[in-house]
Amino acid sequence: MAISIFDNFKEFIKNQRFVVNYGRMWPYVKPIWFRALCSMLICIPIGSLDAVIALALKPYMDAVMVEKSISSPWYIPLGIVAFTSIQGGLKYLSAYLSTWVGNKITNNLKFELFKKLLTLPTSYFDKKKSGDIVAKFNNQANNACSGLLSNLSVFVQRIFSSISLVCVLFYNSWQLALIAVLVLGCAFIPVARIQKRIKDVLGKSVVADSAIITEYNEAYAGNKTIISYNLAENEIKKFDYILRNIFTLRIKMVQKTQWLSPMMHVIVSVGIAAAIGYGSHLIMTQQITSGNFVSFITALILLYTPIKNLGNNLNSVQTSFYSIEKIFELLDIVPSIRNKENAITLERGDYPIEFKDVNFEYTKGRPILKDINLKVEKGETIALVGNSGGGKTTMVNLLPRFYDIKSGSITINGVDIRDYTLESLRQDIAVVFQDNFLFSGTIRENILLGKQNATEEEVQQALKMAYLDEFVTTLKDGLDTQIGERGMLLSGGQKQRVAIARAFLKDAPIIILDEATSALDNKAEAIVQKAIENLMQNKTVFVIAHRLSTIRNADMIAVINDGRIVEQGTHEQLLQIENGEYKQLYEMQFKHQEEPVGV
């Protein structure tokens, strides 16, 4: 009987690839191994004590029912109460330790997953929705450990409970015990089959859960768009579709698993009926006493009862093993952009930057940049202009290795940027985007991201250079003013100036300005432009901008169309090219702002 239970449990674990992942879980269990071990060891007496009641009933019932003894063993009922009290206390301790250990492991897994998340390249996030990230990197860790130890504790309890109860069965009647073992073996047959049937549903459930998280995130971030375009009804329909899909998956899970418990109820009832029928014969033929029979039936019911409810906790165990498998798939991801072996440190300084025959594509077979050749000397400012979608932003995104090129090379001081460590490369580059991301917190905290150990004097200088000092003085809490999630309490111009102040503190020798003023009104743009001009002093600058003064003052302008540099030179030189791309762009976009120079 015990062998049958162990074999089925072993097969159940094996089917979940738990054996493989158990070794990998050890580093997360090791720091707390003692408590984890205690939580499991406590389950042994908890399970074993189940046999006490059944075993104690034999002498008590024989004395009362058979011998009709007035001086029946009075201490047996008291002993049952005492043992049950001990068992209850141990169950509380086991639950406490299981929860403590489970949450510690969950936190450790989340920490490792978050570290892994921050190593993944931009291309990974391009292909994922926010809900996918939350579901995979946070919820999977919750599913992996929440309840896993408690369920394993239940299994351990039931194993030792089964062993002790089976011993009681054989002690009372080996004939009836054989019937019980046979029926129990039949009850475990469906377990192995059910595991394979629900794995696909679990995978689809994770996808559906991630979709609903994405909907919440989009409703929050896109609330103005939803309101202005009257999209509420459309979003409600999408949300309703997702909910109905989740409902269908939950029902499928019930259909695939919850038949197990009713079936076990039927099988178990057959075992109890057979034991009662044959047990009556054994009593009548005086092969066993009434006490034997009562003790046997009690042990049998105690043995069968948890087995009948096995299907109820099978889902959570299956989900835990599935999540563990998916967690290690995430941790096994090798980032496509990472430090090469023996990468060198880029020392801060002035150095030339060169693009040599650079080709790049986001999707295989669909080139974005084609044979890009460009050299920027130290301290120069180069403006990248051209039609929308031509590859300007893609080009500057390659410099800090947001993406890696397909072929060719990008060098700094004559060394391929892939030979430098990512940390030292990115430390030498400051980026001001069109829509800069600000973290929830204060203005000070966001500015200090550029240099976390900056002095108050350095912070004040950055504020002044970013034309942010006057604005800060109008705030009650000054630099310690909370700006809300994504800086939602600041205007567009104020957010840009916070980002510029952050870049000032970083003091990187290379600056990338990607349409940093295009989303601002004229007044805000004028202020931000002054801040940008301060930021650009004595730096090597790549600028994508629509403002004429920035383009005219650049040391070089490169016109990029359809992924190629079609023209290159100063503002005056490019205007001299008859029917040139830059001249046409200039006349379309800037002629009404000021007259052309040199024509």
Side-chain angles (χ1 to χ4, degrees), residues 114-115 117-118 130 217 220-224 348 396 400 402 423-545 547 550:
F114 189 74
K115 288 199 299 183
L117 180 67
L118 297 183
S130 59
N217 288 341
Y220 170 79
N223 68 92
K224 290 182 180 178
R348 178 159 290 199
V396 295
F402 294 160
E423 184 179 7
S424 65
L425 171 67
R426 291 167 180 171
Q427 188 60 36
D428 272 17
I429 302 173
V431 185
V432 180
F433 301 97
Q434 177 181 347
D435 183 18
N436 288 282
F437 186 90
L438 299 184
F439 294 87
S440 58
T442 65
I443 296 175
R444 183 191 301 276
E445 289 169 344
N446 274 275
I447 292 175
L448 284 175
L449 293 176
K451 183 182 179 182
Q452 297 189 20
N453 61 347
T455 64
E456 185 63 25
E457 190 175 323
E458 289 174 320
V459 172
Q460 292 300 324
Q461 180 64 16
L463 288 174
K464 183 178 179 181
M465 297 299 284
Y467 288 89
L468 200 59
D469 50 339
E470 290 185 11
F471 165 68
V472 170
T473 59
T474 65
L475 301 173
K476 178 183 176 182
D477 296 324
L479 280 172
D480 297 316
T481 299
Q482 294 285 335
I483 62 175
E485 189 171 349
R486 299 190 179 186
M488 62 184 297
L489 300 181
L490 300 178
S491 69
Q494 290 161 355
K495 286 197 287 187
Q496 291 299 82
R497 281 180 281 161
V498 170
I500 292 170
R502 186 163 64 192
F504 265 114
L505 274 189
K506 190 174 185 181
D507 193 30
I510 302 172
I511 303 294
I512 295 175
L513 304 170
D514 187 3
E515 297 280 7
T517 63
S518 64
L520 306 177
D521 58 42
N522 291 336
K523 183 177 180 180
E525 181 181 13
I527 298 174
V528 172
Q529 187 60 43
K530 291 178 182 179
I532 287 175
E533 289 170 0
N534 288 337
L535 179 64
M536 292 168 60
Q537 292 178 17
N538 304 315
K539 309 289 186 184
T540 302
V541 182
F542 290 79
V543 55
I544 302 172
R547 189 171 177 85
T550 305

From [X] atom [atom1] to [Y] atom [atom2], the distance as rounded to the nearest 0.5 Å:
X      : Y      : atom1 : atom2 : value
Ile447 : Glu458 : CD1   : CD    : 12.5 Å
Leu489 : Lys495 : CG    : NZ    : 10.0 Å
Ile511 : Asp428 : CD1   : CG    : 10.5 Å
Tyr467 : Asn534 : OH    : CG    : 5.0 Å
Phe471 : Ile527 : CZ    : CD1   : 11.0 Å
Leu463 : Met465 : CG    : CE    : 12.0 Å

Which atom of [X] lies closest to which atom of [Y], heavy atoms considered:
X      : Y      : result
Ile443 : Gly478 : CD1-O, 4.2 Å
Ala503 : Ala430 : CB-CB, 4.1 Å
Glu456 : Leu479 : OE2-CD1, 4.1 Å
Arg426 : Phe402 : NH2-N, 4.5 Å
Val396 : Pro400 : O-CD, 3.1 Å
Glu533 : Gln537 : O-CG, 3.5 Å

Under 6.0 Å from the [atom1] atom of [X], do we count more than 12 heavy atoms belonging to anything else shown?
X      : atom1 : result
Arg486 : CZ    : no
Asp435 : CG    : no
Asn453 : CG    : yes
Glu470 : CD    : no

Can a donor-acceptor pair be found, under 3.5 Å and without considering hydrogens, that links the side chain of [X] to the backbone of [Y]?
X      : Y      : answer
Arg497 : Leu468 : no
Lys506 : Ile429 : yes
Asp507 : Phe504 : no
Asn446 : Leu438 : no

Exercise. Between Asp480 and Arg444, is there a side-chain N and carboxylate O pair less than 4.0 Å apart?
Worked result: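 So Asp480 pairs with Arg444 through a salt bridge.
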For this session: Side-chain contact test, heavy atoms from C-beta onward, threshold under 4.5 Å: evaluate it for Met536 versus Leu513 and give yes or no.
Result: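 Side-chain contact under 4.5 Å: yes.
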Exercise. Just checking, any donor-acceptor pair under 3.5 angstrom between side chains of Asn436 and Gln496?
Worked result: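 Yes.
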For this session: Consider only side-chain N and O atoms of Gln427 and Glu423, and report whether a donor and an acceptor are under 3.5 Å apart.
Result: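 No - no donor-acceptor pair under 3.5 Å links their side chains.
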